[in-house]
Number of protein chains: 2
Amino acid sequence: MPPNRSFSGVSRRRALLTTAAALSVSIGPAFPIVEQAGAQTDPLPSWNDGATKQAITEFVARVTRQSGPDFVPPAERIATFDNDGTLWVEHPMYTQLAFALDRVKALAPLHPEWTDTQPFKAALEADMKTLGASGAHGMAELVMATHAGMTTEEFQKIVTDWMATARDARFKRPYTELSYQPMIELLAYLRANGFKTFIASGGGVEFMRPWTERVYGVPPEQVVGSSIKTRFQMRDGRPELFRLPEMNFIDDKAGKPVGINEYIGRRPIAAFGNSDGDLEMLQWTTMSGGVRLGMIVHHTDAVREYAYDRDTSFGRLDKALDVAAMNHWVVIDMKNDWKRIFAFE
Amino acid sequence: MPPNRSFSGVSRRRALLTTAAALSVSIGPAFPIVEQAGAQTDPLPSWNDGATKQAITEFVARVTRQSGPDFVPPAERIATFDNDGTLWVEHPMYTQLAFALDRVKALAPLHPEWTDTQPFKAALEADMKTLGASGAHGMAELVMATHAGMTTEEFQKIVTDWMATARDARFKRPYTELSYQPMIELLAYLRANGFKTFIASGGGVEFMRPWTERVYGVPPEQVVGSSIKTRFQMRDGRPELFRLPEMNFIDDKAGKPVGINEYIGRRPIAAFGNSDGDLEMLQWTTMSGGVRLGMIVHHTDAVREYAYDRDTSFGRLDKALDVAAMNHWVVIDMKNDWKRIFAFE
């Protein structure tokens, strides 16, 4: 481990701060959020009290205390969030895959050859085993067939219309309602404390942008994600961007810090993920010599949501879980740390 | 021309608004900026009064008037600015080329072969004619040799150090002082009216980000530009992004709308450029069916700055000038529209 004034300092100072918390008079000025959100209001009501919640509020207190040694100017308070499995449900499959399968069905009449061509045949038959066996190449074929071949405006409308009508099979609700209420509170809490909140997701950037502002309060220009190439062209005297069946950028694993640097140009001081796809983002964020916060959403609640980590096709959490403690990343135990998972509960 | 509620509407309504302007009581509520900037303060003091300045203030008035037919919500008030020749001087050569030439000199002791290898020989001898003849391929070689092979943090320091010491040959000042005062006022004026201001430049994004916030008030995450690829790696237990000698994205010409869509994800309602490299950005911005503002900085002042358009190696303005009137783009006549060009005047 490099010399690193990491978040471990919080642990060491926790006893001190907990004692201080009992003396509400003296703690007041150290927590600017309390003033902003109203002295009596808990900004994170869906989080159970405990070490996890405390890790968040203590981190925010430290970096926002103007006279303190760990103060970070507002312009540098960048926080990045993975999306699938961190901000919303990613089981039984990524929502974008459900979208792609629905698009294959919708487009099938135009492609009679799909009924006996893989991976389209499997998609049409909802044969997830064959689909999974088609691997990354098969997935890419599905994405290109369903996400390319139209303008950016047309694709935006397709996504928006689908989001308005599609329903998750288990919860019988629009997918955007399957966002985690504690994380939505966390996003708002960070913003109330001068943070700029970004999404850094392996998902398609143009699949997310139509709804992230409404659901998470994150505007399109603060969404980083995977993308396909587009081409500018004039058609009938009007300019358009046409979506091409060619990968542009994959914002996953080692691509996440690359994308964060390319799109944001600042190094985050807080990052939130849930899978090995977020490992490098957490490393990039927390191993930079200041007080940093890295958190991992651990899916431990099979009753209210899902329970999985090392053995799953969507959102595998293995290596990142192994190194979490060593890196002082805080693991969120969904079952015990979250009072409420969804707003509709 | 497509059916287009373009900025031409402003011309038609100019007489009406000018009349209204004389009745300051009635115009008050229509111009929110007046309240924000103080009723008696001109937010654009370096702009001479006239049609150009009026085009700006009328556009802003129309899109910010909440009860008006052309109101645009703050979240959608995206404005994009080219950098070289639009926000700062681009003659006698792009500043980034001056940087590359200085870097070749600084690195020459490590590369004895450069003394007889083109384009490095020409760079070391400041032989601009041979350098120009080396074309895009030669330029790419210069960029890769000087912009790659180090971490992003190292490159940021190299740029920052260079900016602090390098001086423009004619004005004998740091390059960042060669930014245009009227455009800095325009950036601030738009932001005061709820706009989010972005740079969309053909220049390197990591060459600009270290200083755009200080000089233009544009933070790194609102800078779109050209880029080379980076690779995430762990070295001695610390994460770093290593800059590779491989082009990632060229944010010029038809690449500008592509970059704007990819990085910002919203279509601008105002765009500012000065060369044919900005043509497609201006098309993408203004041909979208609402009240839009497209402006071109025309370099017409050989005494205070430079005079050039169709016949120049840096910032050629030809086709975009030809179609400006037809598209209702406002051409800024630097000599007559700008009272002052630089802050140091």
Does any heavy atom of chain A fall under 4.5 Å from the side chain of B/K253, the backbone, both, or neither of them? neither
Is chain B contacted by the side chain of A/E262, its backbone, both, or neither, given a heavy-atom distance below 4.5 Å? both
Could you pull out the closest heavy-atom pair between B/W284 and A/E240, with the gap in Å? CZ3-CA, 3.8 Å
Could you have a look at B/A75, B/S227, B/P239, B/G265 and say which one has the most heavy-atom pairs with chain A under 4.5 angstrom? B/P239
Atom group of A/K196 that falls short of 4.5 Å from chain B, counting heavy atoms: side chain
Partner chain A: residue of B/T152, B/V223, B/V224, B/V258 with the largest heavy-atom pair count (under 4.5 Å): B/V258
Side chain, backbone, both or neither of B/T230 within contact of chain A (heavy atoms, under 4.5 Å): both
In terms of heavy-atom pairs under 4.5 Å, which option from A/K256, A/R267, A/Q222 contacts chain B the most? A/R267
Please classify the contact between B/F249 and chain A as side chain, backbone, both or neither, with a heavy-atom cut-off of under 4.5 Å. neither
Gap separating the CD1 atom of A/I260 from the CZ atom of B/F232, nearest 0.5 angstrom: 10.0 Å
Where is the tightest heavy-atom contact between A/R238 and B/G289, given as atom of each residue plus distance? NH2-N, 3.9 Å
Least distance between heavy atoms, A/R209 atom then B/N261 atom: NH1-O, 2.9 Å
Could you tell me which non-hydrogen atom of B/R266 sits nearest to which non-hydrogen atom of A/P219, and how far apart they are? NH2-CB, 3.5 Å
Could you tell me whether the side chain of A/S288 reaches within less than 4.5 Å of the side chain of B/E153, counting heavy atoms only? no
Does atom CD1 of A/I250 have more than 12 heavy-atom neighbours from other groups under 6.0 Å away? no
